[in-house]
Amino acid sequence: MGGQSKVIDLAAIDILRDRERGVPRYNEFRRQLGMQPLSSLTDFINHELAYQYFKGCGQEFEPSKLQKEVVAGLTSCSAEASGMRSELLYQIDQRDRLAQVYGSDADAIERVDAMVGIFSENTRPYGFALSETQFQVFVLNASRRLFSDRFFSTDYNAKTYTDFGIK
């Protein structure tokens, strides 16, 4: 190499490998899990957060108002709503970046790669750090692992465990 370094985009490699291996796109992945697909890139924004923000600023919430200029321009907000502003602006910026990559037409949501979509989700089951889709995969696989683990099924007995172990 002689002192030269090569820059490798690890995220792009993961996305390319997913595509090569036939991993379905984000919305199709959700469909295959039995989950509701998203209808647009705006669905990546936490609408409950947006509703609370607009309510705290004395405004009616409409998804069409989810623009940087509108959110940043609301000035007569409660202290609680003002604290939500940066998170909401971050989510709007994230949506706009997705639109730059995948397009802003109605079918853009169908082109989002699975990994990108999963990492873009902002809704989480209460008390979990995993996104909604990650949580579904986790629950599905965790239960399968437990049912296939011999120490929790066929070998969960006094022959395998001591009395202390069974208790």
Side-chain angles (χ1 to χ4, degrees), residues 8-55 61-66 71 83-167:
I8 298 174
D9 187 341
L10 294 176
I13 289 173
D14 279 345
I15 291 169
L16 181 61
R17 286 181 179 160
D18 283 353
R19 289 177 180 179
E20 288 173 343
R21 293 178 182 139
V23 174
R25 298 296 174 115
Y26 174 71
N27 252 357
E28 181 57 29
F29 188 66
R30 285 180 62 93
R31 286 184 193 97
Q32 290 181 15
L33 288 171
M35 299 176 70
Q36 184 74 27
L38 274 58
S39 59
S40 74
L41 296 177
T42 299
D43 289 346
F44 283 118
I45 297 172
N46 184 333
H47 284 213
E48 180 61 30
L49 172 74
Y51 171 78
Q52 292 299 326
Y53 174 72
F54 279 88
K55 181 179 171 187
F61 168 66
E62 298 169 21
S64 62
K65 290 185 176 180
L66 291 174
V71 171
M84 298 176 196
R85 179 181 286 130
S86 62
E87 177 61 25
L88 191 52
L89 286 170
Y90 171 78
Q91 291 179 17
I92 291 168
D93 185 54
Q94 188 177 13
R95 182 222 30 216
D96 294 348
R97 287 175 185 227
L98 289 172
Q100 287 176 342
V101 174
Y102 294 104
S104 57
D105 59 318
D107 291 332
I109 190 66
E110 295 298 331
R111 291 189 293 272
V112 174
D113 290 281
M115 183 171 53
V116 172
I118 288 168
F119 291 148
S120 296
E121 289 180 356
N122 288 297
T123 55
R124 294 173 177 7
Y126 180 76
F128 285 87
L130 300 173
S131 70
E132 188 178 35
T133 306
Q134 287 173 312
F135 182 76
Q136 291 295 322
V137 173
F138 169 76
V139 168
L140 181 68
N141 287 317
S143 60
R144 286 181 179 172
R145 284 189 67 194
L146 286 175
F147 289 128
S148 66
D149 187 335
R150 70 183 181 100
F151 293 108
F152 285 115
S153 57
T154 57
D155 286 342
Y156 188 71
N157 55 42
K159 183 178 172 187
T160 307
Y161 287 97
T162 63
D163 286 340
F164 178 76
I166 290 198
K167 288 179 186 175

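Keep in mind that this is a model prediction, so the values were computed, not measured. Just so you know, these numbers use all the heavy atoms, side chains as well, and skip hydrogens, waters and symmetry mates. Numbering starts at 1 and runs along the sequence shown.
A salt bridge links Asp105 to Arg111: one of the charged nitrogens lies within less than 4.0 Å of a carboxylate oxygen.
The two residues Arg95 and Leu66 have their closest heavy-atom pair at NH2-O, 2.7 Å. Nearest approach of Leu130 to Arg124, heavy atoms of both residues: O-CG, 3.3 Å. Closest of all the heavy-atom pairs between Ile118 and Ser131 is O-OG, 3.6 Å. Leu98 and Ser120 get closest at one heavy-atom pair: CD1-OG, 3.8 Å. Of all non-hydrogen atoms in Ile15 and Val116, the two that sit nearest each other are CD1-CG2, 3.6 Å. Residues Leu41 and Ala108 come closest through the heavy atom pair CD1-CB, 4.1 Å.
The salt bridge (Lys or Arg N to Asp or Glu O under 4.0 Å) search around Arg85 returns none, not counting sequence neighbours. Applying the salt bridge (Lys or Arg N to Asp or Glu O under 4.0 Å) criterion to Arg17, with sequence neighbours excluded, gives no partner residue. Partners of Asp96 by salt bridge (Lys or Arg N to Asp or Glu O under 4.0 Å), not counting sequence neighbours: none found. For Phe61, the ring pair (Phe, Tyr, Trp, His ring centres under 6.0 Å) partners two or more places apart in sequence, or in a different chain, are His47, Phe54. Partners of Tyr102 according to the ring pair (Phe, Tyr, Trp, His ring centres under 6.0 Å) rule, which considers only residues two or more places apart in sequence or in another chain, do not exist here. For Arg97, the side-chain contact (heavy atoms from CB on, under 4.5 Å) partners are Asp93, Gln100, not counting sequence neighbours.
Listed for the Gln136 side chain is no donor-acceptor partner under 3.5 Å among the backbone atoms of Leu33. Checked by atom type and distance alone, the side chain of Tyr53 pairs as donor or acceptor with a backbone atom of Val71 at under 3.5 Å. The closest donor-acceptor contact from the side chain of Asp113 to the backbone of Arg25 lies at 3.5 Å or more, if one exists at all. Under the 3.5 Å distance criterion, the side-chain polar atoms of Asn122 are matched with a main-chain donor or acceptor of Phe44. Asp107 places no side-chain N or O within 3.5 Å of a backbone atom of Glu110 that could act as its donor or acceptor partner. Using modelled atom types, one side-chain atom of Asn141 and one backbone atom of Val137 make a donor-acceptor pair closer than 3.5 Å.
Rounded to the nearest 0.5 Å, atoms CG (Leu140) and CZ (Arg145) are 13.0 Å apart. Here the CD1 atom belonging to Ile45 is positioned 12.0 Å from the OG1 atom belonging to Thr123, to the nearest 0.5 angstrom. Summarising the geometry, atom CG belonging to Asp149 is positioned 15.5 Å from atom CZ belonging to Arg144; distances are rounded to the nearest 0.5 Å. Going from atom CD1 of Ile13 over to atom CG of Asp18 covers 12.0 Å, rounded to the nearest 0.5 Å.
If you look at Phe135 and Tyr126, their ring centroids are not closer than 6.0 Å.
One side chain, Glu121 or Tyr26, offers a donor N or O that lies under 3.5 Å from an acceptor on the other.
Using a 4.5 Å cut-off on side-chain heavy atoms (C-beta onward), Asn27 and Val112 make no contact. Proximity of Met35 to Arg31: side-chain heavy atoms (C-beta onward) are nowhere separated by under 4.5 Å. Side-chain contact between Phe119 and Gln134: present, with at least one pair of heavy atoms (C-beta onward) separated by less than 4.5 Å. Looking at heavy atoms from C-beta onward, Ile92 lies in side-chain contact with Leu88 at the 4.5 angstrom threshold. In this structure, the side chains of Gln91 and Leu49 come closer than 4.5 Å at one or more pairs of heavy atoms.
Summarising the local packing, OH of Tyr161 is surrounded by more than 12 heavy atoms from other residues, nucleotides or ligands at distances under 6.0 Å. Dense packing is recorded around CG of Asn157, with more than 12 heavy atoms of other residues, nucleotides or ligands lying under 6.0 Å away.
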